[in-house]
Amino acid sequence: MKRQTFKYAQALTKERLPFIPVQSILPHFCEGRSLFFRDTKTKISENTSRLFQKRQSKNTAKIGHANFLSSYSSLVFSRTNSCAVNKMKTIKLATSGQEMPMVGLGTWRAQPHEMENAVNVALECDYRHIAFNYNTEEAIGNVLKNWLGSGRVKRNELFITTKLPNFGGRPSDVERFLKLSLKKLNLDYVDLYLIHMPFSFQLNECSLSPLVNDDGSFALDPVDYLDTWKVMEEQVRMGRIKAIGVSNFNAEQLERLYDNADIKPDVLQVEMHAYLQQRELRAVCQRLHVAVTAYSPLGSPGANTHFSSKYQYSLDDFPDILGHPTVREVAQKYEKTPGQILLKHLIQEGVIVIPKSGNPERIKSNISLFDFELALQDVEQLDQLDRGENGRIFNFLFFKGVENHPYYPFKSKESNSSSPTECS
């Protein structure tokens, strides 16, 4: 498909146009609102201009138009096909220079057969960003092998993310678990490797899982994530990793890591959705030039059944963000699904999203996000759904005793003590 061009006159008629996430080209700008462009001329959209003016009263940085003109080249388009009817956009990572697609396929909780089907469908629909959990690597390694071996996709067209297990935080274990992931994925390197959590558990060598004490509590390992990070930096230098980052860190932990790192973190992956918008954390990331990835961007609707069946945990108060009247109203206005609206709300703020789905139609829908832009009033309506820490679904207290770990990230968030969690 040829790249579409848009005449300047279209901007004056307020037609819906593709946008450039500001965070991808200028991390200092407001909160990552959107731009659109024509060839080498970049123009702030009407919504962005209004938001920019509004946020200046909150000490946001003043940006000259020349800055935008010199920065537009950070946007990269991928090929499209009949599934992805509009063009994927990427964020250029500040440290590694990697181009990270703004939409990826999440694979948490997927069963092996479901995973293989989902990854195949996703690749057919032009997903090029796949976010793995270390529990989901082996089943889809063959899928990658088949696609790469047949020439249907080139390795440099893919962006593969996986994580260091929360029981592999000791410096002596990092290389071991990274090599194990690469073997399962049939890859020589990963594009992004994340420390899964700022806290670590002791390793059960027999099962390669967290060690659990006789009383059911998890055996805590007080390893400092700074020590873990130093070994990850070595893996970057050895070529096994292109970019490194962290997941589930709070702002203080991220800043401590950043200040002590030789290779700065490129990405912070955290729970983020309409009920938990994490604006203060995102502001820290912008200041540090760290890209933000949202897991559970739809509120993890499937987790309700998952927790009930696997852990016999009562989820009577589990949030239904997709069914919220405001979300459904905005979706109807744009003739989009509620899921597309929730994902667009984050993308339009410069946040990368990795929605998980095994449903082919939803996989297609979740990547079809770049042919419309939310108007200011709709963005503000969705902004108002934020519940702060009361909106958090995953707080890790599922791991009995984890709140006693020195690097547990939510020590002051007592309001979340009743929420379930698992390895996201």
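One is the number of the first residue; the rest follow in order along the sequence.
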Backbone N/O of Ile263 and side chain of Glu233: donor-acceptor pair under 3.5 Å: yes
Closest heavy-atom pair and its distance - Arg256, Asn260: O-ND2, 2.7 Å
From Leu298 CG over to Ile321 CD1, what is the distance, rounded to the nearest 0.5 angstrom? 8.0 Å
Hey, is CZ on Arg328 packed in by over 12 heavy atoms from elsewhere, all under 6.0 Å? no
Closest non-hydrogen contact found for Ser247 with Lys163 is OG-NZ, 3.9 Å
Go through the steps for Asp215 and Ser217 under the test side-chain hydrogen bond (donor to acceptor under 3.5 Å, both in side chains), then give the verdict. CA-CA 6 Å; Asp215 64 356; Ser217 64; 2.6 Å; yes
Tell me, with the steps shown, if Asp266 and Gln98 meet side chain to side chain contact (heavy atoms under 4.5 Å, CB included). CA-CA 9 Å; Asp266 259 328; Gln98 289 274 89; 5.8 Å; no
Taking the basic N atoms (NZ, or NE/NH1/NH2) and the acidic carboxylate oxygens, is any pair closer than 4.0 Å for Lys154 and Glu157? no
The test is side chain to side chain contact (heavy atoms under 4.5 Å, CB included); show your working for Ile367 and His129 and say whether it passes. CA-CA 11 Å; Ile367 201 174; His129 173 192; over 6 Å; no
Distance-only donor-acceptor check, side chains Tyr295 and Asn248, under 3.5 Å: yes
Please report the closest heavy-atom contact between Thr337 and Ser365, naming both atoms and the distance. OG1-OG, 3.6 Å
Side chain to side chain contact (heavy atoms under 4.5 Å, CB included) between Val143 and Leu123, intermediate numbers included: CA-CA 10 Å; Val143 177; Leu123 291 172; 4.2 Å; yes
Whether Tyr225 and Phe249 hold their rings parallel, tilted or perpendicular, with breakpoints at 30° and 60°: perpendicular
What distance do Leu346 atom CG and Ile341 atom CD1 have between them, rounded to the nearest 0.5 Å? 12.0 Å
NE2 on His273 to CG on Asp386, rounded to 0.5 Å: 9.5 Å
Assess the residue pair Ser200 and Arg170 against the criterion (side chain to side chain contact (heavy atoms under 4.5 Å, CB included)); give the C-alpha distance rounded to whole Å, side-chain angles, the decisive distance to 0.1 Å, and a yes or no. CA-CA 8 Å; Ser200 295; Arg170 293 186 180 185; over 6 Å; no
Can you establish whether the number of heavy atoms outside Asp188 located under 6.0 Å from its atom CG is more than 12? no
To the nearest 0.5 Å, what is the distance between OG1 (Thr90) and CZ (Arg128)? 14.0 Å
How close do Val351 and Met102 get, counting heavy atoms only, and between which atoms? O-CE, 3.6 Å
So, is the end of the Arg240 side chain (NZ or CZ) under 6.0 Å from the ring centre of Tyr193 and within 45° of the ring's axis? no
Does some side-chain heavy atom of Thr161 sit less than 4.5 Å from a side-chain heavy atom of Val190? no
Out of curiosity, Ile130 CD1 to Met115 CE, how far, rounded to the nearest 0.5 Å? 12.0 Å
Any Lys/Arg nitrogen of Asp224 or Lys230 sitting under 4.0 Å from an Asp/Glu carboxylate oxygen of the other? no
Short question: side chain of Gln381, backbone of Thr326 - any donor-acceptor pair under 3.5 Å? no
Carefully, step by step, assess Phe410 and Phe396 under the rule ring-ring contact (aromatic ring centres under 6.0 Å, His included). CA-CA 9 Å; Phe410 311 125; Phe396 311 116; 5.8 Å; yes
Does the plane of the ring in Phe167 sit parallel, tilted or perpendicular to the ring in Phe177? Use 30° and 60° as the thresholds. perpendicular
Do Val284 and Leu268 come within less than 4.5 Å of each other through their side chains, counting heavy atoms only? no
At what distance, to the nearest 0.5 angstrom, does CE of Met232 lie from CG of Asp227? 13.0 Å
Beyond-backbone contact of Ser357 with Asn366, side-chain heavy atoms, under 4.5 angstrom: yes
Side chain to side chain, Ile393 and Leu276, heavy atoms closer than 4.5 Å: no
Specify whether Tyr334 and Phe372 have parallel, tilted or perpendicular ring planes, treating 30° as the upper limit for parallel and 60° as the lower limit for perpendicular. tilted
Taking His345's backbone N and O only, do any of them form a donor-acceptor pair with Gln348's side chain (distance below 3.5 Å, no angle check)? no
Taking C-beta and beyond as the side chain, do Val212 and Lys400 meet within less than 4.5 Å on heavy atoms? no
Please give me the minimum heavy-atom distance between Val153 and Leu148, naming the atom from each residue. O-CD2, 3.5 Å
Main chain of Ser209, side chain of Asn204: is a donor-acceptor contact present, judged purely on distance under 3.5 Å? no
Between Gln278 (side chain) and Glu271 (backbone), is there a donor-acceptor pair under 3.5 Å? yes
Is any side-chain heavy atom of Leu203 closer than 4.5 Å to a side-chain heavy atom of Leu208? yes
Should the pair Lys333-Glu329 be classified as a salt bridge under the 4.0 Å nitrogen-to-oxygen rule? no
Does the side chain of Phe132 reach to within under 4.5 Å of the side chain of Ile160, using non-hydrogen atoms? yes
Would you mind reporting whether Ile140 and Thr107 have side-chain heavy atoms less than 4.5 Å apart? no
Do side-chain atoms of Asp173 reach the backbone of Gly169 as a donor and acceptor pair under 3.5 angstrom? no
Decide whether Glu137 and Ser181 meet the rule of one side-chain donor and one side-chain acceptor closer than 3.5 Å. yes
Tyr189 ring centre to Arg155 NZ or CZ under 6.0 Å, with the angle to the axis within 45°? yes
Pair Trp147, Asn120: side-chain N/O donor-acceptor within cut-off below 3.5 Å: yes
Between Asp383 and Arg279, does any side-chain N to carboxylate O distance fall below 4.0 Å? yes
Give the minimum heavy-atom separation between Ile244 and Trp229, together with the two atoms involved. CD1-CZ2, 3.3 Å
